[in-house]
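Worksheet: the structure to be examined is printed underneath.
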Amino acid sequence: MCIESQWYSLNLEDFESFEANNSLRFRSTDRLITFQASDLIRELYSRNPKVNLPIIIDLESFDKQMSQEGKEFREYKNWKVLNFLKHHQIIDSGFELNFDNFKLVLQHLAVLYLKLIENDVSEKNRFENVEITINKLIHERQIKGVRINKEIAEKKCVEIDKEIYRIKNILQLQYNIFAPENEKQQKTYLNSKGYTIFESLLYTFKTRRNDDLICEYFYDLLRNKQDIESLLYIISRWGGEQRTYPRYLGFGTITSRIILREPSLQNLRKVNRDVIVPDLGMKLLYIDYSQFEAGILASLSDDENMIALYNSDIYKDLAKSVLGDESKRDDAKIIFYRYMYGDKSLDLQAKSYFHKFRKLENYRKSIALEIFQNKKIGTLNGNFRCPKDDDEEIIWSLSHKIQATASLIYKNALLQVYNNFFRGVEFLIPMHDGTLYQINEIEYDKIRKEIENIYIEEFKKACPKINPRVRSNELFQ
């Protein structure tokens with residue numbers, strides 16, 4: 001840990017081995033555990049731009065994997081190191097970090113780390129076989145950063161700021177919502193309409209925006225605020241004129257998605273992604289899975305009708321059957337996610353659509369039984385999530401199973417590309433079901449096809465009942 005520019009370390013094998021460690025000289029095989037991963041990476045790079053990074057384990061990601069609990073079960077909204085220790089009852093609520101006790105904090109963290117890593121053998125194996133290498137991949141990119149066009153970013157900031165002002169005016173003057181950016185007021189509106197909040201406020205507004213104009217305004221407000229926050233980081237934070245250096249979290253959510261922060265480049269809307277540009281001599285490649293979660297659900301449930309629909313388009317069929325218009329594919333995807341998450345407010349027509357898939361409904365019941373019996377749900381390679389003891393109904397069990405499986409497939413594809421292409425291919429930005437790479441212009445077409453094959457192969461390994469499809473594009477869309 002670093003306090004006032006001084007780094008301190010504690011040896012996990014000998015708690016008395018505590019020292020100031022400002023030399024920061026490590027071997028690539030050394031394993032460093034910290035809650036200041038981004039600061040440590042920047043420090044190592046500033047001292048030696050050609051540094052070969054050691055293995056760096058971010059405690060926030062480690063906690064999300066090993067604790068196996070969603071954020072709704074935690075008293076503290078934001079992950080902080082003291083919150084981490086308080087949640088696991090290592091320190092009491094009155095504890096404060098100061099110069100007299102930071103050695104004790106490191107000792108507490110060491111004890112908790114050793115306890116959590118032995119909590120579940122399957123999670124420990126996943127940590128060693130998947131997450132450690134993912135950390136190496138994302139931390140190497142964090143050092144290099146992502147090239148951006150600052151002029152485009154500045155122009156978009158002005159445009160988005162005007163749009164945010166326009167939306168706020170409408171909500172305030174036409175609908176008497178005087179603090180639309182206030183989270184409490186957003187929740188109050190959703191509760192007043194009887195809308196179930198699931199996953200996040202943003203996602204809830206997204207699911208309701210087509211039949212509720214105020215939800216559409218809230219959704220647009222939040223999306224624009226996300227974009228301007230990311231763009232402001234791009235143009236004002238460290239990195240100079242041409243690059244931005246996001247913080248990468250390898251296990252950023254309970255389903256193990258990789259998350260970017262400061263700036264959150266993943267959340268940029270398509271219209272604003274042109275701020276990201278390739279390095280000289282490189283071309284962008286954006287590759288993503290087609291009908292990712294739907295394909296996983298079709299294969300795992302072994303429902304022949306859903307498998308057949310995957311080969312055409314499940315979402316188009318859902319749009320045609322429930323919304324009466326197959327062009328409303330994006331709206332149908334939202335209905336699908338609501339079903340997967342266990343949203344009981346789906347209308348009768350949507351419920352009837354899913355009920356016709358008999359094996360799918362049986363599979364859903366089997367997942368409910370599995371979590372009831374085992375008190376956890378996950379994949380064939382860890383990423384478990386456990387309910388609270390007093391949970392009467394686990395509506396998220398199917399969603400976690402599918403999304404955690406999606407994350408595992410995705411990470412395996414990342415690792416295969418990483419292991420097969422040491423040169424000519426550079427990982428840039430992970431998305432939910434796709435990746436932005438930059439590829440050497442000379443070998444672009446050949447490598448593009450090979451990467452597509454890797455992504456298809458990894459999907460097929462986990463879901464052998466379907467014939468996976470991927471899409472690739474030179475534009476980040």
Per-pair distances, 0.1 Å, donor-acceptor, side chain in residues 110-120, under 3.5 Å, sequence neighbours excluded:
unit_1: Glu118; atom_1: OE2; unit_2: Lys124; atom_2: NZ; d: 2.8
unit_1: Asn119; atom_1: ND2; unit_2: Met66; atom_2: O; d: 3.4
unit_1: Asp120; atom_1: OD1; unit_2: Ser122; atom_2: N; d: 2.9
unit_1: Asp120; atom_1: OD1; unit_2: Ser122; atom_2: OG; d: 2.5
unit_1: Asp120; atom_1: OD1; unit_2: Glu123; atom_2: N; d: 3.3
unit_1: Asp120; atom_1: OD2; unit_2: Gln68; atom_2: NE2; d: 3.3
unit_1: Asp120; atom_1: OD2; unit_2: Lys376; atom_2: NZ; d: 3.0

Output a table of donor-acceptor pairs, distance under 3.5 Å, between side-chain atoms of residues 92-103 and any protein atom two or more places apart or on a different chain; print 'none' if there are none.
unit_1: Asp92; atom_1: OD1; unit_2: Gly94; atom_2: N; d: 3.0
unit_1: Asp92; atom_1: OD1; unit_2: Phe95; atom_2: N; d: 3.2
unit_1: Asn98; atom_1: OD1; unit_2: Asp100; atom_2: N; d: 2.9
unit_1: Asn98; atom_1: OD1; unit_2: Asn101; atom_2: N; d: 3.2
unit_1: Asn101; atom_1: OD1; unit_2: Asn98; atom_2: N; d: 2.9
unit_1: Asn101; atom_1: ND2; unit_2: Glu96; atom_2: O; d: 2.8

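Under 4.0 Å is where a charged nitrogen must lie from a carboxylate oxygen, and between Arg31 and Glu128 at least one such pair does. For the pair Glu163 and Arg166, the salt-bridge criterion is met [side-chain N within less than 4.0 Å of a carboxylate O]. Salt bridge annotation for Lys461-Glu458: present, with a cationic side-chain nitrogen under 4.0 angstrom from a carboxylate oxygen. Ion pairing between a basic and an acidic side chain is recognised when a charged N comes within 4.0 Å of a carboxylate O; Glu60 and Arg247 show such pairing. Remark: Arg42 engages Asp39 in a salt bridge, criterion side-chain N to carboxylate O under 4.0 Å.
Around CD1 of Ile442, the count of heavy atoms belonging to other residues, nucleotides or ligands within 6.0 Å does not exceed 12. Other residues, nucleotides and ligands contribute at most 12 non-hydrogen atoms within 6.0 Å of the CZ atom of Arg25. Open room surrounds NZ on Lys225; 12 or fewer heavy atoms of other groups in view lie less than 6.0 Å from it. Remark: Lys168 NZ is loosely packed, at most 12 non-hydrogen atoms of other residues, nucleotides or ligands lying under 6.0 Å away. Summarising the local packing, CD of Gln89 is surrounded by 12 or fewer heavy atoms from other residues, nucleotides or ligands at distances under 6.0 Å.
Phe251 and Phe127 have their aromatic ring centers separated by at least 6.0 angstrom. Ring centroids of Tyr341 and Trp396 are separated by 6.0 Å or more, keeping the two rings apart.
With 3.5 Å as the limit, one finds a donor-acceptor pair spanning the side chains of Glu293 and Tyr337. Ser290 and Arg471 share no donor-acceptor pair across their side chains, judged by distance under 3.5 Å alone. Side chains of Arg261 and Ser38: no donor on one and acceptor on the other come within 3.5 Å. Side-chain atoms of Tyr233 and Ser264 include no donor-acceptor pair closer than 3.5 Å. With hydrogens and angles left out, the side-chain atoms of Asp279 and Gln438 include a donor and acceptor closer than 3.5 Å. Counted by atom type alone, His87 and Ser67 present zero donor-acceptor pairs between their side chains at under 3.5 Å. Side-chain atoms of Arg269 and Asn224 form a donor-acceptor pair, as typed in the model, at a separation below 3.5 Å.
In this structure a side-chain-to-backbone donor-acceptor pair under 3.5 Å is missing from Ser61 to Asp58. Panel note: side chain Tyr444, backbone Leu284; a donor-acceptor pair is recorded below 3.5 Å. Judged purely by atom type and a 3.5 angstrom limit, Ser407 uses its side chain to pair as donor or acceptor with the backbone of Gln403. Counting only distance, with no hydrogens or angles, the side chain of His400 and the backbone of Asn383 share a donor-acceptor pair below 3.5 Å.
Distance CD/Glu426 to CD/Glu140: 10.0 Å, rounded to 0.5 Å.
Ring geometry for Phe292 against Tyr289 counts as parallel: the plane angle stays under 30°, on a 0 to 90° scale with 60° as the upper cut. Ring pair Phe427/Tyr248 is tilted by interplanar angle, where 30° to 60° counts as tilted. Using cut-offs of 30° and 60° on the angle between ring planes, the pair Tyr189 and Phe218 is tilted.
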Q.
Run Arg385 and Glu69 through salt bridge (charged side-chain N to carboxylate O under 4.0 Å, His left out) and show every step you take.
A. CA-CA 6 Å; Arg385 181 178 180 182; Glu69 57 189 6; over 6 Å; no
Q: I would like to know whether Tyr455 and Ser472 meet side chain to side chain donor-acceptor pair (under 3.5 Å); could you show each step before the answer?
A: CA-CA 11 Å; Tyr455 272 68; Ser472 64; over 6 Å; no
Next item on the list: Check the pair Lys156 / Asp274 against salt bridge (charged side-chain N to carboxylate O under 4.0 Å, His left out), numbers first and verdict last.
Entry: CA-CA 10 Å; Lys156 288 183 179 295; Asp274 56 347; 3.4 Å; yes
- Going through the checks in order, is the side-chain contact (heavy atoms from CB on, under 4.5 Å) test met by Ile55 and Asn135? CA-CA 8 Å; Ile55 298 167; Asn135 284 345; 5.8 Å; no
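A cation-pi arrangement is absent between Lys206 and Tyr219 under the rule of less than 6.0 angstrom and at most 45 degrees off the ring axis. The cationic atom of Arg273 (NZ for Lys, CZ for Arg) lies less than 6.0 Å from the six-membered ring centre of Phe476 and within 45° of the ring axis. Taking the centre and axis of the six-membered ring of Phe372, the NZ or CZ atom of Lys375 falls inside the cone set by 45° and 6.0 Å.
Looking at heavy atoms from C-beta onward, Asp30 lies in side-chain contact with Arg27 at the 4.5 angstrom threshold.
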